[in-house]
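Here's the structure we're looking at; comments come further down.
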Number of protein chains: 2
Amino acid sequence: MENQYTIQQLSQKTGLSVHTLRYYERIGLLEGVPRDEHGYRLYRESDLLWVEFLMRLRGTGMPISKMKRFSDLRSEGGSTITERREMLEAHQAHIHEQMQALRDHLRSIEDKIDHYKGMEKEKSQAVSFNVPTGK
Amino acid sequence: MENQYTIQQLSQKTGLSVHTLRYYERIGLLEGVPRDEHGYRLYRESDLLWVEFLMRLRGTGMPISKMKRFSDLRSEGGSTITERREMLEAHQAHIHEQMQALRDHLRSIEDKIDHYKGMEKEKSQAVSFNVPTGK
DNA sequence: CCTTGCTTTAGAGCGCGCTCAAAGCTGTAG
DNA sequence: CTACAGCTTTGAGCGCGCTCTAAAGCAAGG
C-alpha cells in the first residue's frame, strides 16, 4: 500500500523523461513532492495520478501556462472547484473543435489518397492498352 | 476566370500571415509562384488550393520537414504518385491515432468535470441544509 | 514632391516545451 | 579506495514554426 516511486520509476510509468518531471516541478505543475533522507524525490500514488492527468491536458493541446493556472487553483483548495470546472469545460469545447478539424482534414486527405489511387490505376491501364483520350 | 491573388489576398483567404506565406515559399513548400512586372507575387487558384492542402497537413500535425518531402515529390511529377499516396496513408494512420488519443483524454477530462459538479452540488447542499440560521 | 503603405529580400529574433550540462553529493560493486 | 551510476540544483541550449526587422523599391493621394 501507498506505493512510492523514484524519479526513474515515475519516468517509466508515465513515459515522461526525468528531465521533464523535474521541469514540471520547477515551474510549479507539481508541488510538495516528498523527498527521502538525501533529498531524492519519492513520488506518491497521488503524484502519479496527477502527472497522468497533466499529460492528458498536454496531450489535448493545453498550453503549459494554462496547466499552471489549473495547478495553482488546485493548490488553493476546494474554493476553486467551480473555476476549475469552467476551465475544463472550456478545454472540452476546444477538444471538440480539434476533433472536428481532424475529421475535416482527414476527409480531405482521404480524398487525395483516392485521387492518387485513381491515377495509379490509370497509369497501369495506359501501359496495358493505349487508351485514346477523349477529353 | 483564372483568379489571381496578391499576397495580402491570399493571406486573408487562407488565414496564414503574409510572413508565413513567404516563409513557406522560401523553404520550398511553394514553388514557381508567378510575379507581376515589379516582382510582386501573384498567386493563382492552383496555389491557393495547394496552400489549403498544406494547411490540412499542418493542421493534422505533420511536421514541416515531411510536408517539404511531400512537396518535393509533387514537384518531381507523376512518377512519385505511389510514394505520395503511401505518405498520406501513413499520415492517415497517424491522424486516427490522434483522434483515438483525443477521445480517451476527453473522456477522462469529462469524468473530472462530473466529479467537480458532484463536489459543487455537495457544497451547495451544505449551505442550504447545514446552516438554517444564516448569517 | 511628399507621405503612406504596400511589396521585395536576407537574416535575426522569439515563444514554447522541453533537454542537456555543470558541479556536487550519495550509494553500490569490486 | 576507486569507479561508476544516479540523484540534486541552476542555468543554458535547442528544435520547431513561425514572426519580425532592415533596407530598398513601387504606387496612389493630397
Side-chain angles (χ1 to χ4, degrees), chain A residues 4-44 47 50-72 91 94 98 101 105, chain B residues 4-44 47 50-72 91 94 98 101 105:
Chain A
Q4 294 185 129
Y5 310 104
T6 66
I7 195 165
Q8 284 293 346
Q9 290 168 334
L10 195 70
S11 171
Q12 286 199 315
K13 273 202 177 281
T14 61
L16 293 179
S17 73
V18 295
H19 298 291
T20 300
L21 287 171
R22 285 193 279 248
Y23 166 68
Y24 278 7
E25 190 172 339
R26 196 170 7 159
I27 63 175
L29 289 182
L30 280 84
E31 281 171 70
V33 174
R35 307 302 178 102
D36 71 6
E37 66 271 26
H38 303 298
Y40 290 15
R41 288 170 180 81
L42 266 185
Y43 298 90
R44 296 152 299 185
D47 298 312
W50 175 239
V51 169
E52 284 173 344
F53 188 70
L54 288 176
M55 291 177 73
R56 292 189 183 279
L57 296 181
R58 276 296 300 138
T60 49
M62 183 181 285
I64 295 274
S65 55
K66 286 195 181 172
M67 289 165 60
K68 178 70 165 72
R69 171 77 183 138
F70 189 87
S71 181
D72 288 348
H91 188 55
H94 180 66
Q98 282 184 69
H105 296 334
Chain B
Q4 294 184 129
Y5 310 103
T6 66
I7 196 164
Q8 283 294 347
Q9 290 168 333
L10 195 69
S11 171
Q12 287 199 313
K13 274 203 177 283
T14 60
L16 292 179
S17 73
V18 294
H19 298 290
T20 301
L21 286 170
R22 285 193 279 250
Y23 165 69
Y24 277 7
E25 189 171 340
R26 195 170 5 158
I27 65 175
L29 289 182
L30 280 84
E31 280 170 73
V33 175
R35 306 300 178 103
D36 71 7
E37 65 271 26
H38 304 298
Y40 290 15
R41 287 169 180 81
L42 266 185
Y43 297 91
R44 297 152 299 185
D47 297 312
W50 174 237
V51 169
E52 285 173 342
F53 188 70
L54 287 176
M55 290 177 73
R56 291 189 183 280
L57 296 181
R58 277 297 298 138
T60 48
M62 182 180 285
I64 295 274
S65 57
K66 286 195 180 172
M67 289 166 60
K68 178 69 166 71
R69 171 77 184 138
F70 189 86
S71 180
D72 289 347
H91 188 55
H94 180 67
Q98 282 182 70
H105 295 334

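Just so it is clear, the values below take in all heavy atoms, side chains as well, and ignore hydrogens, waters and symmetry mates. Sequence lines set the chain letters: A, B, ... in the order given, protein chains first and strands last, and positions in each chain run from 1.
- Residues A:T6 and A:Y40 fail the side-chain proximity criterion, which asks for heavy atoms closer than 4.5 Å.
- B:S71 places no side-chain N or O within 3.5 Å of a backbone atom of B:M67 that could act as its donor or acceptor partner.
- No donor-acceptor pair under 3.5 Å is formed between the side chain of B:W50 and the backbone N or O of B:E31.
- No donor-acceptor pair closer than 3.5 Å links the side chain of B:S11 to the backbone N or O of B:I7.
- Listed by residue number, A:R58, A:P63, A:I64 are the residues of residues 52-70 of chain A with a heavy-atom contact under 4.0 Å to DNA chain C.
- Remark: A:R69 does not engage A:D72 in a salt bridge, criterion side-chain N to carboxylate O under 4.0 Å.
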Could you go through residues 19-28 of chain B and list every donor-acceptor pair under 3.5 Å that involves a side-chain atom there, pairing it with any protein atom two or more places apart or in another chain?
residue : atom : partner : partner atom : Å
B:T20   : OG1  : B:S17   : OG           : 2.9
B:E25   : OE1  : B:R41   : NE           : 2.7
B:E25   : OE2  : B:R35   : NH2          : 3.1

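- Not a single salt bridge (charged side-chain N to carboxylate O under 4.0 Å, His left out) links B:K13 to another residue, sequence neighbours left out.
- Residues of residues 15-24 of chain A that place a heavy atom closer than 4.0 Å to DNA chain C, in numerical order, are A:H19, A:T20, A:Y23, A:Y24.
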Side chain to side chain contact (heavy atoms under 4.5 Å, CB included) evaluation trace for B:L54 with B:L30: CA-CA 9 Å; B:L54 287 176; B:L30 280 84; 4.0 Å; yes
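- The structure places OG1 of B:T60 at 6.5 Å from NE2 of A:H105, a figure rounded to the nearest 0.5 Å.
- Non-hydrogen atoms lying under 4.0 Å from DNA chain D are contributed by nothing in residues 6-14 of chain B.
- Per the geometry, CD belonging to B:E25 stands 13 Å off C1' belonging to C:dT7, to the nearest Å.
- The aromatic rings of B:F70 and B:F53 sit tilted relative to each other, their planes meeting at an angle between 30° and 60°.
- Side-chain atoms of B:E52 do not come within 3.5 Å of backbone N or O of B:T14 as any donor-acceptor pair.
- Shown for residues 33-44 of chain B: residues whose heavy atoms fall under 4.0 angstrom of DNA chain C, namely B:R35, B:G39, B:Y40, B:R41.
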Test side chain to side chain contact (heavy atoms under 4.5 Å, CB included) applied to A:R58 and A:M62, step by step: CA-CA 5 Å; A:R58 276 296 300 138; A:M62 183 181 285; 5.9 Å; no
